[in-house]
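Here is the naming used below: chain letters follow the sequence lines, and residue numbers restart at 1 for every chain. Below, each value reflects all heavy atoms present in this structure, side chains not excepted, and no hydrogens, waters or symmetry copies.
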There are 2 protein chains.
Amino acid sequence: MRLVVARCQVDYAGRLTAHLPMATRVLMIKADGSVLVHSDGGSYKPLNWMSPPCALREGSTEDGRVEWTVTGKTDDTLRILIEEVLHDSSHDLGVDPGLQKDGVEKHLQELLAEHPATLADGLTLVRREFPTAIGPVDLMCRDAEGLSVAVEIKRRGEIDGVEQLTRYLELLNRDPLLTGRGAVRGIFAAQAIKPQARVLAEDRGITCAVVDYDALRGMDDDAEHRLF
Amino acid sequence: MRLVVARCQVDYAGRLTAHLPMATRVLMIKADGSVLVHSDGGSYKPLNWMSPPCALREGSTEDGRVEWTVTGKTDDTLRILIEEVLHDSSHDLGVDPGLQKDGVEKHLQELLAEHPATLADGLTLVRREFPTAIGPVDLMCRDAEGLSVAVEIKRRGEIDGVEQLTRYLELLNRDPLLTGRGAVRGIFAAQAIKPQARVLAEDRGITCAVVDYDALRGMDDDAEHRLF
DNA sequence: TAGTCCATATCGCAA
DNA sequence: TTGCGATGTGGACTA
């Protein structure tokens, strides 16, 4: 890992072209050759970068200024014209042991599988990841009247999720084993549902359910076993 | 901008919980208080981070080790336990003049709005960003016969774009003002269209148009004004 | 390898 | 501010 602070001008040409005027920035050069150009603001996304695999070549322009050329796998190139180097240091970091995560969509599905009644009164689980020809339905349930209910779970409820559930319902409603007592209903469950997605869902007779993740976790006796 | 290289352990708790075991990493602390934890690989995304606005507090644990606590706007917290500092430097970067981009979807839409006939002979523009209940249609046009044509523009033509255009067409074809002379047609325009998207589009009677960005830019008399 | 879906997404624009 | 779509999306998983 090499860290450089320099007054520089950056030009990228690849899927798009982008230009950064001359200013002081941080250049991070990773062991795999990838380069990140950061300013003193924004968020974690660099102003400009080159993803690995790529190669950095240090050269100079006709008028003797330092110029880095980073070449990517395709035609991507990142040109960094350096006017003044304010800091330059290299560090051996070794291999990173990696990140452990908890609390993504899979976990939400586990919690709802344990507590399906929070989605609709009297709802009981038939099975998780119920298989269909076009992919698994997150939860297949049965309501108080014994009718089949397909549940699609998303962390954020957007229009794509409604389309997905619609495709599932279309398929499920061709199966006489499921539709014996009546058509399969759909429930679209998410921590937040966008207005457009809600309109589309309701237009298609799909019920929307906003899920309170913290409340669900509170209901789960084993919640503490998942913490680090 | 402060750059620290240190052996550290990182724990994040917010929308999810995440844990990084003790290892040597780069910590980037920006002027707005945001913190990035980078390893010597991966891509531009840090292993862990805290987005602005946030506040960093340097403290120490009961056993005297250095611990940073970064607190975000909501309940987000990032705890960095530091075992050994290998490098620590601060730099004044000033305000960045910002990034200039060229070649994104918006620009493509401008060019096609100026030259709709490249999509189909005799096509003329009615208006850009034509409003519907579920969002704006990129270009609403009229063909040589006076029939309405909805154009959806994507940089990359994938299946989502076809779904989007299908929804627009469904809605537009309920409007007697547009369908007076016949049903509204759809054109799916992109720099490259994936095979699956093409199949779906043609199955729905949507015309696919592959757009040559460079050729379009060449037709545009004012193109040079957009260059740097 | 190509398709699909998630993300602590981030970012920019507009209502 | 919130909603919404684009992103040089990236990354993981699957068939």
For residues 40-47 of chain A, please give each side-chain donor-acceptor pair under 3.5 Å, one per line with the distance, not counting sequence neighbours.
{"from": "Asp40(A)", "atom 1": "OD1", "to": "Ala31(B)", "atom 2": "N", "distance (Å)": "2.4"}
{"from": "Asp40(A)", "atom 1": "OD2", "to": "Met1(B)", "atom 2": "N", "distance (Å)": "2.9"}

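The distance from atom CG of Leu16(B) to atom P of dA7(C) is 8 Å, rounded to the nearest whole Å. Counting to the nearest Å, the C1' atom of dT7(D) and the CD1 atom of Ile153(B) are 17 Å from each other. Between the CG atom of Leu108(B) and the P atom of dG8(D) there is a distance of 14 Å, rounded to whole Å. If you take CG of Leu47(B) and P of dG10(D), they are 17 Å apart, rounded to a whole angstrom. In this structure, Trp49(A) places its CH2 atom 14 Å from P of dT10(C), rounding to the nearest Å. Asp138(A) places its CG atom 14 Å from the C1' atom of dT4(C), with the value rounded to the nearest Å. Going from atom OH of Tyr12(B) over to atom C1' of dA7(C) covers 11 Å, rounded to whole Å. For the pair Glu163(B) CD and dG3(C) P, the interatomic distance rounds to 16 Å; values are reported in whole Å.
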Grab the N/O contacts between the protein and nucleotides 2-5 of chain D below 3.5 Å, and write none if there aren't any.
{"from": "dG5(D)", "atom 1": "OP1", "to": "Gln196(A)", "atom 2": "OE1", "distance (Å)": "2.9"}

Identify all pairs in which a protein N or O lies below 3.5 Å from an N or O of nucleotides 11-15 of chain D, and state each distance.
{"from": "dG11(D)", "atom 1": "OP1", "to": "Ser43(B)", "atom 2": "N", "distance (Å)": "3.4"}
{"from": "dG11(D)", "atom 1": "OP1", "to": "Ser43(B)", "atom 2": "OG", "distance (Å)": "2.5"}

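Contacts of Trp68(B) classified as ring-ring contact (aromatic ring centres under 6.0 Å, His included), with partners at least two apart in sequence or in another chain: none. In terms of the side-chain contact (heavy atoms from CB on, under 4.5 Å) criterion, residue partners of Arg127(B) (sequence neighbours excluded) are, by chain and number, Phe130(B), Pro131(B).
Residue pairs satisfying the salt bridge (Lys or Arg N to Asp or Glu O under 4.0 Å) criterion with at least one member in residues 17-35 of chain B, sequence neighbours excluded, are listed as follows: Asp96(A)-Arg25(B).
Using a cutoff of 4.0 Å between basic side-chain nitrogens and carboxylate oxygens, Glu114(A) and Arg128(A) are not scored as salt-bridged.
Taking CD from Glu58(B) and CD1 from Ile29(B), the interatomic distance works out to 8.0 Å, rounded to the nearest 0.5 Å. Separating the CD atom in Glu67(A) from the CZ atom in Arg79(A) is a distance of 4.5 Å, to the nearest 0.5 Å. How far OG1 of Thr207(B) is from CZ of Arg185(B): 5.0 Å, rounded to the nearest 0.5 Å.
Comparing the P positions of dG8(D) and dC5(C) gives a spacing of 22 Å, expressed to the nearest Å.
In this structure, the side chains of Leu112(A) and Val151(A) stay at 4.5 Å or more apart for every pair of heavy atoms.
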